[in-house]
Amino acid sequence: MLSIGDFARHGHVSVRMLRHYDQLGLLTPDRVDQTTGYRYYRVDQLSRLNRVIALKDLGFTLDQVRSILDEQVDAAELRGMLRLRRTELAADIAAARQRLNQVEARLRIIESEGRMPSTDVVVKNLPAVRIAELTGTASDFAPGSISPVIGPLYDRLFAVLGQAGVHPVGPTIAYYELPEGEDGPIIIHAGVPVNTEAAPGQEFAIVDLPEVPQAATLVHHGSMMEIGGPFQALAKWVETNGYRPAGPSREFYLVAGPDHDQSDWVTELQQPLAQA
C-alpha cells in the first residue's frame with residue numbers, strides 16, 4: 001500500500017491532481033484512514049493512472065476518460081484508440097504548421113512590397129510547346145490548397161508516361177484556370193513537354209500550348225510557399241507598364257522535383273501579355 005505522496009511520486013503526478021481525480025471518481029484511493037483522512041493506493045492502481053494520463057494528454061476530456069475506463073477497455077483496444085488519437089493529433093499539428101507557414105509567407109509578401117526591382121522582369125517570346133498533362137482541382141489558389149493536388153498529379157503523370165514509354169523532353173510546366181463565371185474550384189494543369197501523338201486509352205492528355213508572342217517572366221528561387229510575393233510583383237509590373245494579362249499564367253519549373261529540396265527550386269513565372 002502506498003501513501004498518496006508515494007503514489008504521486010511513482011506516478012509522476014501531483015498530490016492535488018490525485019485528489020481531483022478522486023473527487024471526479026476517476027481514480028479513488030483503495031483506503032482512506034477514517035481518523036487521519038490519509039489516502040492510500042495499491043501499486044496496481046498505477047495502471048489505471050497511466051491510462052488516465054495517456055488519454056487526457058491525447059485530448060480526451062476527463063468525462064470521456066472515465067467512460068472509456070469504466071467500460072473496461074482492454075489493453076489492445078486502448079492501444080488502438082490511442083494510435084487513432086495520435087494520428088488525429090499529428091494531422092492537426094501538420095495543419096497548424098502549414099497555416100503558420102502560410103501566415104509567415106504572407107507576412108514576407110507584405111514586408112517585401114515595393115522591393116522587387118523591375119529589372120528582374122524579362123519580356124520574351126514563349127515558343128509553342130506540346131505537353132502531356134493531367135488535371136485536378138483545388139478549392140483556391142492558396143499554396144496549402146494547390147500543393148496537395150499538384151504533387152500527386154505529377155507523381156501520377158510520370159508513372160503513366162513511363163508505362164506508355166513516353167519520355168519528357170523538357171522541364172515541367174503548370175498552369176491554372178478558373179471555371180467560367182470565376183466561381184468554383186481551380187483547375188490545375190500539371191504538364192511536361194513531350195514529342196508524341198495522342199493515342200487511344202492514354203490516361204494523360206496531349207495539349208499543344210500555342211506560342212505566346214510576349215510574356216512577362218520572373219525567376220523565383222525557393223519554396224512554392226513563397227511564390228505569392230514574386231507573382232504579386234509580376235502583376236504589379238504588368239499593370240505599371242501598360243499591359244494586361246492575356247491568358248493563364250504559367251509556372252515553368254527549371255529546377256524542381258523530389259531530388260531537390262524546395263528551398264533549391266527555381267521556377268520561372270510566365271504571364272502572357274497584351275496591351276492594356
Side-chain angles (χ1 to χ4, degrees), residues 1-111 138-152 155 185 222-228 258 261-264:
M1 196 74 66
L2 298 174
S3 69
I4 190 171
D6 288 337
F7 190 78
R9 186 172 71 254
H10 286 293
H12 300 287
V13 296
S14 68
V15 169
R16 186 170 70 174
M17 183 179 290
L18 290 175
R19 288 175 177 154
H20 182 54
Y21 291 165
D22 183 14
Q23 292 172 353
L24 296 177
L26 262 176
L27 182 60
T28 58
D30 181 68
R31 180 172 67 84
V32 178
D33 189 296
Q34 297 301 315
T35 303
T36 63
Y38 290 169
R39 295 170 169 86
Y40 295 93
Y41 295 82
R42 301 187 315 274
V43 172
D44 62 12
Q45 286 183 282
L46 288 169
S47 177
R48 183 176 177 93
L49 176 62
N50 291 335
R51 285 161 170 75
V52 170
I53 299 301
L55 291 167
K56 182 175 72 71
D57 286 349
L58 283 168
F60 291 98
T61 67
L62 292 179
D63 285 340
Q64 290 172 326
V65 171
R66 181 171 52 219
S67 297
I68 292 169
L69 295 181
D70 287 348
E71 290 172 6
Q72 296 184 338
V73 175
D74 65 26
E77 291 176 297
L78 184 59
R79 278 195 299 272
M81 294 173 65
L82 294 179
R83 287 182 182 131
L84 177 60
R85 184 59 177 159
R86 181 177 61 188
T87 300
E88 292 172 347
L89 288 174
D92 290 343
I93 291 170
R97 185 178 294 115
Q98 185 175 66
R99 287 195 298 272
L100 178 60
N101 289 339
Q102 290 173 355
V103 168
E104 291 175 343
R106 187 67 62 173
L107 286 173
R108 282 190 285 272
I109 290 174
I110 294 170
E111 291 167 351
S139 59
D140 53 58
F141 283 108
S145 301
I146 298 291
S147 295
V149 179
I150 196 169
D155 290 341
S223 167
M224 300 307 291
M225 289 294 295
E226 306 290 338
I227 206 168
D261 186 274
Q262 274 210 19
S263 61
D264 299 326

Quiz item: Less than 4.5 Å apart, any side-chain heavy atom of Ile4 and any of Arg19?
Solution: yes
Quiz prompt | Listed partners of Asp33 passing salt bridge (Lys or Arg N to Asp or Glu O under 4.0 Å), at least two apart | solution = none
Quiz prompt | Note: Asp63-Arg66 ion pair, threshold 4.0 Å (strictly below) | solution = yes
Exercise. Would you check, one step at a time, whether the test side-chain contact (heavy atoms from CB on, under 4.5 Å) holds for Arg9 with Val15?
Key: CA-CA 9 Å; Arg9 186 172 71 254; Val15 169; over 6 Å; no
Quiz prompt | With Lys56, the side-chain contact (heavy atoms from CB on, under 4.5 Å) member among Leu26, Thr61, Leu62 | solution = Leu62
Practice problem: Say whether, by atom type as modelled, one donor and one acceptor occur between the side chain of Asn50 and the main chain of Leu46 under 3.5 angstrom. | Solution: yes
Quiz item: Which heavy-atom pair separates Val65 from Val52 by the least distance, and what is that distance?
Solution: CG1-CA, 3.9 Å
Exercise. Scan residues 10-69 for pairs that pass ring pair (Phe, Tyr, Trp, His ring centres under 6.0 Å), counting only residues two or more places apart or in two chains.
Key: Phe7-Tyr41
Quiz item: What residues, two or more places apart in sequence or in another chain, satisfy salt bridge (Lys or Arg N to Asp or Glu O under 4.0 Å) together with Asp140?
Solution: none
Quiz prompt | Pair Leu69-Leu55, side-chain contact (heavy atoms from CB on, under 4.5 Å): steps then yes or no | solution = CA-CA 10 Å; Leu69 295 181; Leu55 291 167; 4.1 Å; yes
Quiz prompt | Set of salt bridge (Lys or Arg N to Asp or Glu O under 4.0 Å) partners for Asp155, sequence neighbours left out | solution = none
Practice problem: Check whether any side-chain heavy atom of Ser145 lies under 4.5 Å from a side-chain heavy atom of Ser139, and answer yes or no. | Solution: yes
Quiz item: Out of curiosity, Gln45 CD to Met1 CE, how far, rounded to the nearest 0.5 Å?
Solution: 8.0 Å
Quiz item: Taking all non-hydrogen atoms of both residues, which atom of Gly11 and which atom of Leu49 are closest, and how far apart?
Solution: CA-CD2, 3.7 Å
Quiz item: With a 4.5 Å limit on heavy-atom distance, are the side chains of Arg39 and Asp22 in contact?
Solution: yes
Atom pairs and distances, donor-acceptor, side-chain atoms in residues 78-89, under 3.5 Å, two or more places apart:
unit_1 : atom_1 : unit_2 : atom_2 : d
Arg85  : NE     : Leu58  : O      : 2.4
Arg85  : NH1    : Glu88  : OE1    : 3.1
Arg85  : NH2    : Leu58  : O      : 3.4
Thr87  : OG1    : Arg83  : O      : 3.0

Quiz item: Who are the salt bridge (Lys or Arg N to Asp or Glu O under 4.0 Å) partners of Arg42, not counting sequence neighbours?
Solution: Asp30, Asp44
Self-check item: Check against side-chain contact (heavy atoms from CB on, under 4.5 Å), Val149 and Ile146
Solution: CA-CA 5 Å; Val149 179; Ile146 298 291; over 6 Å; no
